J.: 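Following this message is one structure expressed as structure tokens.
All values reported here derive from a predicted model rather than from experimental measurement. Lettering of chains follows the sequences in order, A, B, ..., and the numbering in each one begins at 1.
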Protein chains: 2
Amino acid sequence: MINNETVSIDRIIENLIYLHPLLSKSLTRSIRSKTNLNPGSLYILGMLSKHEILSMSEIGCKLSMPKPHVTGQVDKLITEEMVERLFDPNDRRIVNIRMTEKGKEDFKAIKLEVSQDMRQRIEKLNDEKLNALYDSTQVVRDILSDIMIDTKMTLCTKI
Amino acid sequence: MINNETVSIDRIIENLIYLHPLLSKSLTRSIRSKTNLNPGSLYILGMLSKHEILSMSEIGCKLSMPKPHVTGQVDKLITEEMVERLFDPNDRRIVNIRMTEKGKEDFKAIKLEVSQDMRQRIEKLNDEKLNALYDSTQVVRDILSDIMIDTKMTLCTKI
DNA sequence: GAAATTGGTTACAAAAGTATAACTATTTAT
DNA sequence: ATAAATAGTTATACTTTTGTAACCAATTTC
């Protein structure tokens, strides 16, 4: 399908660069208008809903947030009772974060709220395009989440 | 492949929500560190490289930027001589924006700079995954750019 | 031709994210 | 046991983006 690797990588990157503001448009704006959370704390919830438990540093690492920002966002989520701190008995420096049941429910509702505009647009797609979008977003997500996230914490210590 | 539409739409949206900070991570950070442009003005260049000529309002509409912000970002791009204003003879209120030759060259170089980290990660993929990512980003881009952008300007007058 | 609308700019305030340094508490290394 | 490194918080300054309102010039409407 592709005969020149460099060209295809350029194109992939161009696609991703183009995609980014498109997502921002739909998501960030409605997060702002429809919730009392910052986009940043929503991303933290997204990560937590995938990884169950993450330390403060891991959150900052995976989302590329500066540590002080993570602290602030998590504080907000805690006052909303959407996440809780778990102190690690093995290493008492580490603060692990986990979603509460309330957090999970709220997050589900928020996702529905936030994506309403996008949902309405996606719903208008015909089955063929819907399936294509489903498959493709899955592939992009899987591959990108694999290569973009530094699982080795050593790479993230500076953040 | 999918038998329940609602479920698949949920999943699509979840994928997109998850994808967003992943792209931010790689792109926004390096835009900041490697260029003297804001992410916002880079997105404007991205739109211009696809649409050739756009009015100020159209830019704000497609990127969901408030009009005053568009003015500021375009001003920056003009002082960098990367875009130029074209006054519309048919409607002298309209200010059309187009990339200069310098802008096109610079943008190409900036994209290369900005995506270096991402490029290195993508390069490590095997051919199969590379092809999958190529195809999928293309599909996501095509479909999303189709449904997310309000071509009817009437929907954007308030921005 | 007067009134309303539209495209764009200016000015200003507020929100969100980023960057840095200093600091505490804990753990690891020597 | 002391020194160095790590996890996290606090404080602060800064950049980027968002949101409003007021305004001008050009166009459209009636």
Side-chain angles (χ1 to χ4, degrees), chain A residues 20-21 24-25 27-44 53-61 63-78 83 85-97 152-159, chain B residues 20-21 23-25 27-44 53-78 83 85-97 152-159:
Chain A
H20 182 230
S24 281
K25 167 173 180 157
L27 297 178
T28 314
R29 294 202 90 203
S30 56
I31 289 171
R32 229 181 272 269
S33 62
K34 292 183 180 173
T35 76
N36 46 351
L37 294 172
N38 296 339
S41 48
L42 264 277
Y43 302 149
I44 291 177
I53 291 181
L54 290 172
S55 74
M56 299 295 283
S57 293
E58 287 170 325
I59 291 172
C61 176
L63 292 174
S64 193
M65 279 184 188
K67 284 201 301 184
H69 195 213
V70 176
T71 300
Q73 299 302 298
V74 167
D75 279 352
K76 246 185 192 169
L77 291 171
I78 284 176
V83 304
R85 286 184 222 263
L86 305 170
F87 293 92
D88 192 323
N90 296 344
D91 184 340
R92 280 154 47 201
R93 291 170 305 179
I94 295 177
V95 178
N96 287 306
I97 307 297
K152 295 152 203 143
M153 276 300 291
T154 49
L155 295 174
C156 276
T157 45
K158 273 154 281 174
I159 296 174
Chain B
H20 182 230
L23 294 178
S24 282
K25 167 173 182 158
L27 296 178
T28 315
R29 294 201 91 203
S30 56
I31 288 172
R32 226 181 273 270
S33 61
K34 293 183 178 172
T35 76
N36 47 351
L37 293 172
N38 296 339
S41 48
L42 264 277
Y43 301 150
I44 291 177
I53 291 181
L54 290 172
S55 74
M56 299 295 284
S57 293
E58 287 171 325
I59 290 171
C61 176
K62 287 185 189 301
L63 292 174
S64 193
M65 280 183 186
K67 285 202 298 184
H69 195 211
V70 177
T71 300
Q73 299 302 300
V74 167
D75 279 351
K76 244 183 193 172
L77 291 171
I78 284 176
V83 304
R85 286 184 223 264
L86 305 171
F87 293 92
D88 192 323
N90 298 344
D91 184 340
R92 279 153 47 201
R93 293 170 303 179
I94 295 176
V95 177
N96 287 308
I97 307 297
K152 293 152 202 145
M153 277 300 292
T154 48
L155 295 175
C156 276
T157 44
K158 272 154 284 178
I159 296 175

J.: Has the side chain of A:Q73 got a donor or acceptor atom that lies under 3.5 Å from a matching backbone atom of A:V70?
T.: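 Looks like no, no N/O pair under 3.5 Å.
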J.: Which of the following nucleotides, D:dT10, D:dT16, C:dT9, is nearest to the side chain of B:T71?
T.: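 In terms of side-chain proximity for B:T71, the closest of D:dT10, D:dT16, C:dT9 is C:dT9.
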J.: Counting only side-chain heavy atoms from C-beta out, which of C:dG17, D:dT16, C:dA16 sits nearest to A:K76?
T.: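 Looking only at side-chain atoms, A:K76 lies closest to C:dA16.
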J.: Using whole Å, what does the distance between atom C1' of nucleotide C:dA16 and atom NE2 of B:H20 come to?
T.: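 Taking atom C1' of C:dA16 as the reference, NE2 of B:H20 is at 13 Å.
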J.: Got a second to check how far A:S64's OG is from B:L27's CG, nearest 0.5 Å?
T.: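 Rounded to the nearest 0.5 Å, the OG-CG separation comes to 11.0 Å.
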J.: Just to confirm, is there a sub-4.0 Å distance from OP1 or OP2 of C:dG8 to any side-chain nitrogen or oxygen of B:S57?
T.: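 Yes, B:S57 has a side-chain N/O under 4.0 Å of OP1/OP2 on C:dG8.
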J.: How long is the gap from CG on B:L54 to NZ on B:K62, to the nearest 0.5 Å?
T.: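 Taking CG in B:L54 and NZ in B:K62, the distance rounds to 6.0 Å.
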J.: Compare all side-chain heavy atoms of B:T28 with those of A:H20 and state whether any distance is below 4.5 angstrom.
T.: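 Yes, at least one pair of side-chain atoms sits under 4.5 Å.
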J.: Please write out the pairs of protein N or O atoms and N or O atoms of nucleotides 18-22 of chain C separated by less than 3.5 Å, giving the distance to one decimal.
T.:
unit_1: C:dA19; atom_1: OP2; unit_2: B:R29; atom_2: NH2; d: 3.2

J.: What is the distance from CD1 of A:I59 to P of D:dA7, rounded to the nearest Å?
T.: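 Answer to the nearest Å: 14 Å.
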J.: What's the CD1-C1' distance between A:I97 and D:dG8, to the nearest Å?
T.: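 My rounded result for the distance is 10 Å.
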J.: Set out, line by line, the N/O atom pairs under 3.5 Å between protein and nucleotides 27-30 of chain C.
T.:
unit_1: C:dT27; atom_1: OP1; unit_2: A:R92; atom_2: N; d: 2.9

J.: How many Å lie between CZ on A:F87 and P on C:dT26, as a whole number?
T.: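 After rounding, the reported distance stands at 11 Å.
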J.: Atom CG of A:L27 to atom C1' of D:dT17: distance rounded to whole Å?
T.: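 Rounded to the whole Å, the gap is 16 Å.
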J.: If you pin A:D75 and B:S41 to their nearest nucleotides in DNA chain D, which one's is more 5'?
T.: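 The residue closer to the strand's 5' end, by nearest nucleotide, is A:D75.
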J.: Nearest to the side chain of B:M56, which nucleotide is it out of D:dG8, D:dT16, C:dT9?
T.: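 So the nucleotide nearest the side chain must be C:dT9.
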J.: Let me confirm one number: the CG-CG distance from A:D91 to A:N96, rounded to the nearest 0.5 Å.
T.: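 Rounded to the nearest 0.5 Å, the CG-CG separation comes out at 9.5 Å.
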J.: Apply the side chain to side chain donor-acceptor pair (under 3.5 Å) test between A:K76 and each candidate in A:T71, A:N38, A:N36; give the one that qualifies.
T.: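 Going through the options one by one, the only one that passes is A:N38.
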J.: Are A:F87 and A:V95 close enough that some pair of their side-chain heavy atoms sits under 4.5 Å apart?
T.: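 Heavy-atom side-chain distance check passes, below 4.5 Å.
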J.: Can you check the A:I94 CD1 to D:dT6 C1' distance for me, whole Å?
T.: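 Those two atoms, CD1 and C1', are 9 Å apart.
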J.: For the backbone of B:L37 and the side chain of B:S41, can you confirm whether one donor and one acceptor N or O come within less than 3.5 Å of each other?
T.: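 Not at all, since once roles are kept as given, no pair shorter than 3.5 Å links the two residues.
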J.: Using whole Å, report how far CG of B:L54 lies from C1' of C:dG8.
T.: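 Roughly 15 Å, once rounded to whole Å.
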J.: Check each of B:I44, B:I53, B:L77, B:V74 against B:I97 using the side chain to side chain contact (heavy atoms under 4.5 Å, CB included) test, and report the only one that passes.
T.: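 Output: one option passes, namely B:V74.
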J.: Quick one: is B:N38 getting a side-chain N or O under 4.0 Å of the D:dT15 phosphate, OP1 or OP2?
T.: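 Looking at the OP1 and OP2 atoms of D:dT15, neither is under 4.0 Å from any side-chain N or O of B:N38.
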